[in-house]
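This report concerns only the one structure given below.
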Amino acid sequence: MSIAVYLRKEYFRAVTLPDKSAHILEFQYRPQTVDVFEKGYQIFHMEYLLESKTKAVIMEFYLNGFTLRGKGYGTVCMNEIADQLGKKGVTLIIAPMGYELAPLGYTGPDQYHDLLAGFYKKAGFTVSGDGDLAMKIIEPEA
């Protein structure tokens, strides 16, 4: 079962990456997906499921292209999406920590798992003790 949450469909957000460069990103929300573009080029995609009015589960996310990785795009996109979900009453976001096989470009599942854990921590998530789950608790707005 999934629940609909109504977010602004499209908007632009100015962000600053860790290298101090400024970027204008366009966020496009659709039911259960978010796509982020910069200058018309898709840079980020996420699929999620709302299990309840307060709990979202990330099914999949990725940056389009290796050249974007490690620059902060994923973190700013994930933080913005979490902020928007939080404004709609979501207080818990859960994400699986990886796959049995690492995606193309990684040396193996262990390397991918370590990188993914680092990414989630930068985006404000907590990684479970057994390392198979990341979660982010969002404080409700007063």
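One-based numbering along the sequence shown.
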Regarding Y29 and Q84, do their side chains bring together a donor and an acceptor under 3.5 Å, going by distance alone? no
May I have the step-by-step check of side chain to side chain contact (heavy atoms under 4.5 Å, CB included) for F44 and E80, ending in yes or no? CA-CA 12 Å; F44 184 86; E80 175 63 23; over 6 Å; no
Nearest 0.5 Å, please: how far is OH in Y73 from CD in E38? 4.0 Å
So do the side chains of M46 and I58 get within less than 4.5 Å of each other, counting heavy atoms only? yes
Search all heavy atoms of P96 against all heavy atoms of L116 and return the closest pair with its distance. O-CD2, 4.3 Å
Counting only heavy atoms not in L17, do more than 12 fall under 6.0 Å of its CG? yes
Provide the closest heavy-atom pair for K136 versus A82 in the form atom of the first, atom of the second, distance. NZ-CB, 4.1 Å
Less than 4.5 Å apart, any side-chain heavy atom of T54 and any of V90? no
Heavy-atom pair with the smallest gap, counting every atom of L25 and C77: CD1-SG, 4.2 Å
Does V127 reach the side chain of L133, with side-chain heavy atoms less than 4.5 Å apart? no
Heavy-atom side-chain proximity of K39 to E26 below 4.5 angstrom: no
Could E47 and R30 be called an ion pair, given the rule that one side-chain N must be under 4.0 Å from one carboxylate O? no
Is any side-chain heavy atom of I94 closer than 4.5 Å to a side-chain heavy atom of L92? yes
Between M135 and Y120, is any pair of side-chain heavy atoms under 4.5 Å apart? no
Between Q28 and D35, does any side-chain donor sit less than 3.5 Å from a side-chain acceptor? no
Heavy-atom side-chain proximity of L85 to K87 below 4.5 angstrom: no
Which heavy atom of L68 sits nearest a heavy atom of L63, and at what distance? O-CD1, 3.9 Å
Distance in Å, T33 OG1 paired with L49 CG, rounded so as to fall on 0.5 Å steps: 12.5 Å
Is any side-chain heavy atom of E10 less than 4.5 Å from a side-chain heavy atom of F27? no
For T91 and I137: C-alpha separation, side-chain torsions, deciding distance, then whether side chain to side chain contact (heavy atoms under 4.5 Å, CB included) applies. CA-CA 6 Å; T91 57; I137 296 173; 5.6 Å; no
Have S128 and D132 got a donor and an acceptor in their side chains that come within less than 3.5 Å? yes
Would you confirm whether N64, through its side chain, and Q42, through its main-chain N or O, come within 3.5 Å as a donor-acceptor pair? yes
Calculate, to the nearest 0.5 Å, the distance between atoms CD1 and NE2 belonging to I43 and H23 respectively. 8.5 Å
Candidate pair Y48 and E60, rule side chain to side chain donor-acceptor pair (under 3.5 Å), full reasoning: CA-CA 7 Å; Y48 66 95; E60 173 183 44; over 6 Å; no
Nearest heavy-atom neighbours spanning A14 and I24: CB-CD1, 3.8 Å
Taking all non-hydrogen atoms of both residues into account, name the closest pair between P18 and G72 and its distance. CD-CA, 3.9 Å
Are the side chain of N79 and the backbone N or O of T75 linked by a donor-acceptor pair below 3.5 Å? yes
When clusters are formed by joining ILVMFWY residues with side-chain heavy atoms under 4.5 Å apart, either directly or through shared neighbours, do I81 and Y11 land in the same one? yes
Kindly state whether the ring of F61 and the ring of F119 have centres lying under 6.0 angstrom apart. yes
